[in-house]
Peer 1: 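I'd like to ask some things about the structure below.
To find a chain, count down the sequence lines: A is the first, B the second, and so on, and within it residues start at 1. Computed over heavy atoms, backbone and side chain alike; hydrogens, waters and symmetry mates excluded.
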There are 2 protein chains.
Amino acid sequence: MKTVTIGDVAAQAEVSKSTVSQYLNERYDYMGEKTKQRIQDAVEKLGYQPNIVARSLKQKSTKTIGVIVANILHNFTTEVTRAIEDVCHESDFHTIICNADDDPFKEKHYIEMLRAKQVDGLIIFPTGDNRDLYQKMLDGSYPVVFMDRELEGVEIPSVLLHNSKAVALAIEHFVEQGYRRIGMMTTSLKHHTTPRIERVEGYKNTLKNNEIPIHDEYIISVDSQSLQTELEELLHLEKPPEAMLAGNDLVLIETLKYVKHKGLRIPDDLAVIGIDDVSFASFYTPSITTVAQPTFKMGKAGAELLLNKIQMKKEIRNSSLRFEPTLMVRDSV
Amino acid sequence: MKTVTIGDVAAQAEVSKSTVSQYLNERYDYMGEKTKQRIQDAVEKLGYQPNIVARSLKQKSTKTIGVIVANILHNFTTEVTRAIEDVCHESDFHTIICNADDDPFKEKHYIEMLRAKQVDGLIIFPTGDNRDLYQKMLDGSYPVVFMDRELEGVEIPSVLLHNSKAVALAIEHFVEQGYRRIGMMTTSLKHHTTPRIERVEGYKNTLKNNEIPIHDEYIISVDSQSLQTELEELLHLEKPPEAMLAGNDLVLIETLKYVKHKGLRIPDDLAVIGIDDVSFASFYTPSITTVAQPTFKMGKAGAELLLNKIQMKKEIRNSSLRFEPTLMVRDSV
DNA sequence: CTGAAAGCGCTTACAG
DNA sequence: CTGAAAGCGCTTACAG
């Protein structure tokens with residue numbers, strides 16, 4: 001299958017390449033009807049398909065954006081990514097997803113790789129350890145949007161959950177149901193990521209507002225492999241928590257595994273709320289109360305922000321966007 | 001940030017563009033040490049990043065493959081896709097994922113789009129309705145691999161589950177546990193997709209082998225929205241099935257929702273097995289017996305098949321690859 | 001050991 | 001209304 005180029009079409013239609021190109025780009029302003037027709041016939045006869053790579057080189061735009069996620073295992077990530085793809089697709093943009101696996105080194109590699117591929121912009125769930133690189137892109141006014149996390153001192157706009165509110169929603173629900181001994185677990189991340197920090201802080205503030213003393217041993221931040229042993233310890237304290245807030249979906253799953261393994265009952269032995277509305281929450285037994293993030297809206301907002309930056313070329317307001325969580329009351333508390 | 005090109009590097013290092021290009025491509029065969037050093041210094045000083053679009057145009061290879069999935073909502077799809085990405089990443093290939101949403105029209109659009117973008121090959125979970133297009137790619141010896149489904153008469157190699165064995169595993173487990181009234185549900189697809197057909201056939205054969213009569217009303221294939229009402233009908237037959245095989249993850253989830261909604265108990269009121277080892281199977285209550293597909297192996301195989309086709313340029317054996325399912329015995333039967 | 005030149009397949013001022 | 005020419009940033013025979 002030898003590739004047919006714009007030159008072949010031009011020859012076939014007996015016009016110049018320029019004219020074919022005009023036609024292909026729908027700039028028919030002054031184009032004669034017969035010319036149009038001849039070109040169209042030639043295109044069909046030869047089965048011409050444009051070469052977007054060549055176009056991209058000339059136009060310096062690939063109509064493609066890159067998305068670098070910190071960790072694809074989170075349900076949040078998958079859903080946000082899907083929303084980003086949807087929005088981009090509507091604007092005829094393609095999307096290349098890369099998973100940095102919480103590794104700043106991989107993240108750096110992907111940023112360079114994607115820029116070498118001339119993607120028009122980047123949505124990053126930042127690991128946080130590549131400040132210089134972020135700053136350099138900002139200085140070069142290369143379009144970038146952060147997702148889920150923000151970085152103090154780096155003026156890249158970010159799309160975020162209103163984390164303190166998310167935690168408050170959960171904790172106050174526990175309190176309303178009469179719980180006072182409330183613990184919280186998150187996955188530890190060496191790099192100080194926004195959600196973890198804000199959620200732990202929100203946890204403390206909400207307890208304070210409700211005049212509940214804060215027990216530091218009720219707050220756990222560890223790697224997901226250590227969650228089981230930490231839970232074991234936590235629940236064997238003299239006064240163990242009677243309710244647990246799982247800081248994200250992975251923590252929730254580990255908690256449920258632990259509970260099942262130990263034959264505990266929810267909510268009688270342990271009440272549970274998870275941040276992130278996991279797929280099985282509604283039909284689990286018992287169904288799980290969660291704090292849902294508006295993942296679709298967030299992805300959409302991020303994509304739109306980026307596409308605006310790309311298309312307008314002008315500076316968009318660089319402030320972050322906060323999104324509202326929703327409490328999904330079910331049977332686990 | 002004006003872009004720095006190979007010409008700038010050449011000027012800075014006081015050599016020709018050709019030499020810089022050689023250096024960049026590690027063809028140092030005859031390159032002087034000082035030349036190398038000068039180029040390297042220039043690259044660093046200018047912060048040169050290659051433009052892969054330009055390279056791709058010349059080399060006629062983008063080091064990118066396209067993956068068109070029929071329906072991204074299946075867990076199977078997500079996992080296979082991730083494996084594909086892993087393998088490609090190791091070979092320095094990028095991946096563009098597109099979701100055809102079970103729509104042959106969208107599928108066609110994506111095939112054309114991706115080829116226009118000059119991807120080096122395609123992995124397709126085919127909807128089945130674009131035979132002409134598939135055949136044209138085959139005729140043009142454009143590298144394509146099918147996943148999950150195969151098409152009779154189209155000689156494109158496919159990576160598949162050993163579907164009849166998967167069903168046999170499940171049905172025989174039911175039988176061993178003493179069940180005789182065994183139903184099966186799959187999502188209907190107008191386009192006759194391999195897994196559905198093979199699974200229903202396998203179901204019938206296995207019953208036959210066990211000398212269990214086949215009740216046609218026990219076999220349901222409908223859109224996922226109609227599953228609830230179909231289940232309702234099915235379980236209100238005079239002699240309703242006592243065990244159900246869910247043909248994929250989405251069917252399983254609908255079944256579990258129904259069961260929970262009606263307050264039924266698994267396995268006492270209804271025994272359940274699902275094909276696809278869903279994330280929550282192990283910690284659901286009761287834990288769910290499933291037939292696991294080796295998703296990672298399958299994705300890996302598909303990606304390797306395709307990369308071989310791309311890199312060797314020679315014809316690879318075009319026969320399909322079948323993969324072995326595994327029964328994960330848990331508490332739902 | 002290195003450089004000049006052609007070319008990948010497009011687009012885009014500009015001239016007529 | 002249409003075409004000739006230059007150029008996007010690379011790579012690659014080929015000459016020396």
Side-chain angles (χ1 to χ4, degrees), chain A residues 1-40 42-43 46-64 112-120, chain B residues 1-40 42-43 46-64 112-120:
Chain A
M1 185 147 66
K2 59 180 294 301
T3 94
V4 2
T5 75
I6 207 174
D8 301 326
V9 176
Q12 173 76 27
E14 298 181 304
V15 296
S16 76
K17 293 193 301 175
S18 320
T19 306
V20 176
S21 177
Q22 313 270 36
Y23 170 83
L24 260 16
N25 290 289
E26 300 185 333
R27 271 194 275 282
Y28 315 115
D29 306 3
Y30 298 102
M31 196 170 297
E33 265 313 318
K34 358 39 175 332
T35 311
K36 265 197 239 180
Q37 192 56 51
R38 279 222 307 281
I39 296 175
Q40 189 182 318
V43 165
L46 302 175
Y48 171 75
Q49 293 285 141
N51 180 329
I52 295 190
V53 171
R55 171 187 297 168
S56 296
L57 178 59
K58 182 66 187 175
Q59 290 192 154
K60 293 170 164 302
S61 154
T62 51
K63 296 273 245 168
T64 303
E112 285 169 355
M113 198 64 180
L114 289 170
R115 295 209 54 187
K117 285 201 120 180
Q118 311 299 114
V119 298
D120 296 342
Chain B
M1 185 148 64
K2 59 179 296 298
T3 93
V4 2
T5 76
I6 207 174
D8 301 326
V9 175
Q12 173 76 29
E14 298 181 304
V15 297
S16 76
K17 292 196 300 175
S18 322
T19 306
V20 175
S21 177
Q22 313 271 36
Y23 170 83
L24 259 17
N25 291 289
E26 301 184 333
R27 271 195 273 282
Y28 315 115
D29 306 3
Y30 298 101
M31 195 170 297
E33 264 314 318
K34 1 30 175 341
T35 311
K36 265 196 236 180
Q37 192 57 50
R38 278 220 308 280
I39 297 175
Q40 189 182 320
V43 164
L46 301 174
Y48 171 76
Q49 293 285 139
N51 180 329
I52 294 190
V53 171
R55 170 186 299 169
S56 297
L57 178 58
K58 181 66 186 178
Q59 292 192 154
K60 294 168 163 303
S61 154
T62 51
K63 294 275 247 168
T64 303
E112 286 169 354
M113 198 64 180
L114 288 171
R115 294 209 54 186
K117 287 199 118 181
Q118 312 298 116
V119 297
D120 296 342

Peer 1: Does D:dG3 have its OP1 or OP2 closer than 4.0 Å to a side-chain nitrogen or oxygen of A:T19?
Peer 2: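 The answer is yes; a side-chain N or O of A:T19 sits under 4.0 Å from OP1 or OP2.
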Peer 1: Could you state the atom-to-atom distance from CD of B:E14 to P of C:dC1 in whole Å?
Peer 2: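 For the pair B:E14 CD and C:dC1 P, the rounded distance is 20 Å.
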Peer 1: Go through the steps to decide whether B:Y23 and B:V9 satisfy the test side-chain contact (heavy atoms from CB on, under 4.5 Å), and finish with yes or no.
Peer 2: CA-CA 11 Å; B:Y23 170 83; B:V9 175; over 6 Å; no
Peer 1: side-chain contact (heavy atoms from CB on, under 4.5 Å) with B:A54: which residues, sequence neighbours excluded?
Peer 2: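 Here the qualifying residues are A:L57, B:N51.
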Peer 1: May I ask you to check whether over 12 heavy atoms, not counting those of B:E14, lie within 6.0 Å of atom CD?
Peer 2: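 No, because the 6.0 Å sphere around CD of B:E14 holds 12 heavy atoms or fewer from other groups.
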Peer 1: Regarding A:S18 and A:S21, is there a side-chain donor-to-acceptor distance under 3.5 Å anywhere?
Peer 2: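 No, no side-chain donor-acceptor contact under 3.5 Å.
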Peer 1: Once each nucleotide of nucleotides 6-16 of chain D is scored for protein heavy atoms under 4.0 Å, what B/S/- sequence comes out, 5' to 3'?
Peer 2: -BBBBBB----
Peer 1: Does the pair A:V15 and A:Q22 meet the rule for a side-chain contact (heavy atoms from CB on, under 4.5 Å), with working shown?
Peer 2: CA-CA 11 Å; A:V15 296; A:Q22 313 270 36; over 6 Å; no
Peer 1: Are B:E33 and B:K36 close enough for a salt bridge, meaning some N to O gap below 4.0 Å?
Peer 2: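 Counted as a salt bridge, because a side-chain N and a carboxylate O are separated by less than 4.0 Å.
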Peer 1: Tell me, what's DNA chain D's dot-bracket, Watson-Crick or G-U with both distances under 3.5 Å, | for other-strand, [ ] crossing?
Peer 2: |||.||||||||.|||
Peer 1: Just the rounded figure in Å: distance from P of C:dC1 to NZ of B:K34.
Peer 2: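 One finds 9 Å between P of C:dC1 and NZ of B:K34, rounded.
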Peer 1: Quick one: pull up OG1 in B:T3 and CG in B:L46 and give me the separation to the nearest 0.5 Å.
Peer 2: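 B:T3 atom OG1 to B:L46 atom CG measures 11.0 Å (nearest 0.5 Å).
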Peer 1: What's B:T35 touching, base or sugar-phosphate or nothing? Going by heavy atoms closer than 4.0 Å.
Peer 2: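 Touches sugar-phosphate only.
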Peer 1: State whether a side-chain donor-acceptor pair under 3.5 Å links A:K117 with B:T64.
Peer 2: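 Short answer, yes.
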